[in-house]
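Structure, as structure tokens:
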Amino acid sequence: MPLELPVKRVQRVRHELKLRELLVHRVREVSPALRRFTFVAAPGHSLHDFVSASFDDHVKLMFDAGDSEPVRRDYTPRRFDAAAGELDIEFALHGHGPASAWAAQAAPGQTVRIGGPRGSFVIDPAHDWHLLVGDESALPAIARRLEELPAGARAIVRVRLPDGADVGAMPALASRAGLDVQWLPGHEPLCAALRALAWPAGEGYAWCAGEAAEVAHWRRILVDERGHPPHAIRAAAYWKQGRAAHHENLEG
């Protein structure tokens, strides 16, 4: 039975695009799969007017990897502390590309450049429930959203584990909201979990992010098969198999 949402409670916010040079300040192992970098502004630069209004914002992070052109990748601002002037970004360590290689060796004092966020897609946390679906690339955004949700909210999380990974290698997820988390060992088990999901009562919003083809499939299950309102879902391709530096929002 299709769900009905009487009001589209989302807001698009544009930000002035700024480029900044940052220094690695601290490095922390969040889990065997994730490393968190805390950045501060390099001399002559500032983070005082940095804005990240939504959990699925992304900045363009640029760093040198020994080639003629710098590496450019999109990353979620995991945490921003305006008072301390600190920005946290998390890197997955299982990959074999230049970004994972940089994250494996980066240490305090090294520099990067960031641009953005260009804008924010703000989803009202007052929805009765929130469905968050993703692979490991979506974990920083999912974790940030869970930390931001208020007590009394309800969060349903379905995460696709990397191939061959164990749940013990994944970061802990915590929230003041009521939390229902399942870690699924692959794309098909996650699809089955979405088909089996019992819709909670009230108004809900679904958010999906990960590999392009898989996210498109998850969206089709939720909208075409399960009847979730298309205006109450956001689906983002954070990466695409066989392509570098891919990021797009999926519609339809």
Side-chain angles (χ1 to χ4, degrees), residues 12-30 33-95 97-123 134-145 147-148 171 207 209-210 234 236-240 243-249:
R12 295 180 184 271
V13 181
R14 303 300 298 178
H15 308 304
E16 179 183 356
L17 179 61
K18 292 193 175 184
L19 298 177
R20 312 167 200 264
E21 186 169 301
L22 306 181
L23 294 173
V24 176
H25 183 54
R26 290 191 304 274
V27 182
R28 182 167 74 86
E29 306 296 327
V30 177
L34 281 177
R35 177 170 290 171
R36 179 179 297 183
F37 290 83
T38 298
F39 297 97
V40 296
H45 294 261
S46 175
L47 279 168
H48 79 275
D49 58 348
F50 181 86
V51 177
S52 177
S54 175
F55 70 98
D56 79 339
D57 287 349
H58 61 274
V59 295
K60 185 72 71 176
L61 191 141
M62 297 158 273
F63 53 88
D64 295 323
D67 298 323
S68 57
E69 292 294 326
V71 175
R72 295 176 171 86
R73 295 291 187 272
D74 291 319
Y75 285 95
T76 299
R78 178 64 178 82
R79 180 191 69 97
F80 176 58
D81 185 331
E86 295 181 346
L87 173 65
D88 287 357
I89 294 176
E90 292 178 350
F91 287 71
L93 298 177
H94 72 278
S100 292
W102 181 88
Q105 60 79 44
Q110 290 184 236
T111 62
V112 299
R113 295 172 297 283
I114 66 166
R118 288 180 177 270
S120 300
F121 188 86
V122 182
I123 302 167
D135 62 17
E136 72 275 17
S137 69
L139 282 173
I142 289 173
R144 174 175 164 179
R145 182 58 163 178
E147 291 172 4
E148 293 174 349
W207 179 90
R234 180 166 172 84
Y238 277 9
W239 62 287
K240 188 171 185 176
R243 291 183 58 182
H246 182 86
H247 189 117
E248 66 173 321
N249 294 319

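Remark: Leu87 CG to Thr38 OG1 distance equals 8.5 Å, nearest 0.5 Å. Atom OG in Ser52 sits 7.0 Å away from atom NE2 in His15 (nearest 0.5 Å).
Heavy atoms only, all atoms of each residue included: Ala53 and Val122 are closest at O-CG2, 3.9 Å. Nearest heavy atom pair, residue Ala138 against residue Ala209, reads CB-O, 3.6 Å.
Judged by distance alone, the side chain of Arg35 and the main-chain N or O of Ala104 form a donor-acceptor pair under 3.5 Å.
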In a table with atom names and distances, give each donor-acceptor pair under 3.5 Å that connects a side chain of residues 18-26 to protein atoms at least two apart or in another chain.
| unit_1 | atom_1 | unit_2 | atom_2 | d |
| --- | --- | --- | --- | --- |
| Lys18 | NZ | Asp49 | OD2 | 2.2 |
| Arg20 | NH1 | Ser46 | O | 2.9 |
| Arg20 | NH1 | Asp49 | OD1 | 2.8 |
| Arg26 | NH1 | Glu86 | OE2 | 3.0 |
| Arg26 | NH2 | Glu86 | OE1 | 3.1 |

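Figure legend: cation-pi geometry between Arg234 and Phe121, with NZ or CZ positioned under 6.0 Å from the six-membered ring centre and within 45° of its axis.
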Are Asp135 and Trp239 close enough, and set up right, to give a side chain to side chain donor-acceptor pair (under 3.5 Å), and what steps lead you there?
-> CA-CA 10 Å; Asp135 62 17; Trp239 62 287; 2.9 Å; yes
Start with the C-alpha gap between Glu147 and Arg78, add the side-chain angles, then the distance that decides, and say whether side chain to side chain contact (heavy atoms under 4.5 Å, CB included) holds.
-> CA-CA 10 Å; Glu147 291 172 4; Arg78 178 64 178 82; 2.7 Å; yes
Side chain to side chain donor-acceptor pair (under 3.5 Å) between Ser54 and Arg144, intermediate numbers included | CA-CA 9 Å; Ser54 175; Arg144 174 175 164 179; over 6 Å; no
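Below 30°, between 30° and 60°, or above 60°: for Trp102 and Phe37 the angle between ring planes is between 30° and 60°, a tilted geometry. The aromatic rings of Phe91 and Tyr75 lie tilted to each other, with the angle between the two planes from 30° to 60°.
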